Structure formats: structure tokens, C-alpha cells
S.K.: 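The following block contains the structure, expressed as C-alpha cells.
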Amino acid sequence: MDLGRVVELTLTGMGSVALTLAIVLASQPRGLPTGIVTLDATEAVLSFIRAGGKEMPDTDYEAAAKIYQADLEAAIADFAAEHSVIVVNSATVLAGAPDITQEVSQKALARWREAKDTP
């Protein structure tokens, strides 16, 4: 495929997404997201590892990582619902969207710690 065609298709796709987002944001229908925020997925996982995940035996780590992943997904969904936003991976955003990684990572870690301490 010719590089010019790839650029053309990429720009067309980006333009379509931007136009759709502009229409949604301009009309702001009730119940639909009104903004975009980002999450650094790598940093979110590293926060779990730094919080004690790296010190666990492999079998415990695997189970704890699954629980943390579920807690992280719940924290992201809660944030999106509470703030009426769309959460996207920061690796896909060039610039301009607020980052919520620390906020949702801390919430997920708190949930994970509560679950870990509950017999």
C-alpha cells in the first residue's frame, strides 16, 4: 500500500472521530459522556507491583493480580460514570486529555487491600 494512501486513510479516520466527538460534545445529550480522560495502563499495573505485588510467590501474585485488575476496571468504570467521561489509554492520545491514572490506581489499590485483609 502506498504511503500517501495510508496517510489519507489515517487522516480520514481521525477526522471522522474528531467530527463525531465534536457533535456529541456540542449537543451534550443527557447521559452521554461529555469529555475524555486518559489512563496510563502500564503505570496502573506498576502501582500494583510497587504496592507489594512483586514480593508475592507466583501463585499468589497471579490471584492477586486478577483481583487488582477487576478492582482497577471497577475504579475506571466508577470514575467514568461519576464524571461522565470516556476513559482511553494514554498511549493512544497525543495530547490534551487529563490523566486519571493515579486517582483510579489508588482507588483500586485500596479495594485490593480491603479484599486482601478480609478473610
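Just so it is clear, the structure is predicted and the values come from calculations on it, not from any experiment. Quick note: numbers below take in every heavy atom, side chains included, and nothing from hydrogens, waters or symmetry partners. By convention here, the first residue in the shown sequence is residue 1.
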S.K.: Partners of Asp78 by side chain to side chain donor-acceptor pair (under 3.5 Å), sequence neighbours excluded?
M.R.: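 Here the qualifying residues are Arg111.
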S.K.: Identify, with sequence neighbours excluded, every residue that meets salt bridge (Lys or Arg N to Asp or Glu O under 4.0 Å) alongside Glu43.
M.R.: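 Salt bridge (Lys or Arg N to Asp or Glu O under 4.0 Å) list for Glu43, sorted by chain: Arg50.
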S.K.: Listing request: all salt bridge (charged side-chain N to carboxylate O under 4.0 Å, His left out) pairs with a residue in residues 80-93, at least two apart in sequence or in separate chains.
M.R.: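 The answer is Glu82-Lys107.
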S.K.: Name all residues meeting the side chain to side chain donor-acceptor pair (under 3.5 Å) criterion together with Ser90; count only those two or more places apart in sequence or in a different chain, and write none if there are none.
M.R.: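 Not a single residue meets the side chain to side chain donor-acceptor pair (under 3.5 Å) criterion with Ser90.
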S.K.: If you round to the nearest 0.5 Å, how far is OG of Ser105 from CD1 of Ile76?
M.R.: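 Between Ile76 CD1 and Ser105 OG, I get 7.5 Å after rounding to 0.5 Å.
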S.K.: Would Met14 and Val88 show up in the same hydrophobic cluster when neighbours are defined by side-chain heavy atoms closer than 4.5 Å?
M.R.: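 No, Met14 does not connect to Val88 through the hydrophobic network.
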S.K.: Taking all atoms of both residues into account, what is the closest heavy-atom pair of Trp112 and Ala51, and its distance?
M.R.: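 Nearest heavy atoms, Trp112 then Ala51: CZ3-O, 4.3 Å.
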S.K.: Suppose we screen for side chain to side chain donor-acceptor pair (under 3.5 Å). Which residues come up paired with Gln69, at least two apart in sequence or across chains?
M.R.: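 Partners of Gln69 by the side chain to side chain donor-acceptor pair (under 3.5 Å) criterion, ordered by chain and then number, come out as Glu73.
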S.K.: Walk me through whether Phe48 and Tyr61 qualify under ring pair (Phe, Tyr, Trp, His ring centres under 6.0 Å).
M.R.: CA-CA 10 Å; Phe48 168 71; Tyr61 175 82; 5.6 Å; yes
S.K.: Identify the heavy atoms of Leu72 and Ala44 that sit nearest to each other, and give their distance.
M.R.: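 Nearest pair, atom of Leu72 first, then Ala44: CD2-CB, 3.7 Å.
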S.K.: How many angstroms lie between atom CG of Asn89 and atom CG of Asp40, to the nearest 0.5 angstrom?
M.R.: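 Between atom CG of Asn89 and atom CG of Asp40 there are 7.0 Å.
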S.K.: State which residues pass side chain to side chain donor-acceptor pair (under 3.5 Å) with Gln106; sequence neighbours excluded, sorted by chain then number.
M.R.: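 Scan of Gln106 (side chain to side chain donor-acceptor pair (under 3.5 Å), adjacent residues dropped) gives none.
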S.K.: Quick check: do Leu39 and Val104 have side-chain heavy atoms less than 4.5 Å from each other?
M.R.: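 Answer yes - side chains close enough.
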S.K.: Once rounded to the nearest 0.5 Å, what's the spacing between atom CG of Asp71 and atom NZ of Lys66?
M.R.: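 Going from the CG atom of Asp71 to the NZ atom of Lys66 covers 14.5 Å.
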S.K.: Find out whether Thr38 and Ile100 are in side-chain contact, i.e. whether some heavy atom of one side chain is under 4.5 Å from a heavy atom of the other.
M.R.: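 Thr38 vs Ile100: side chains apart.
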S.K.: What are the two closest non-hydrogen atoms of Tyr68 and Ser47, and how far apart are they?
M.R.: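 Where Tyr68 meets Ser47 most closely, the heavy atoms are OH-OG, 3.2 Å.
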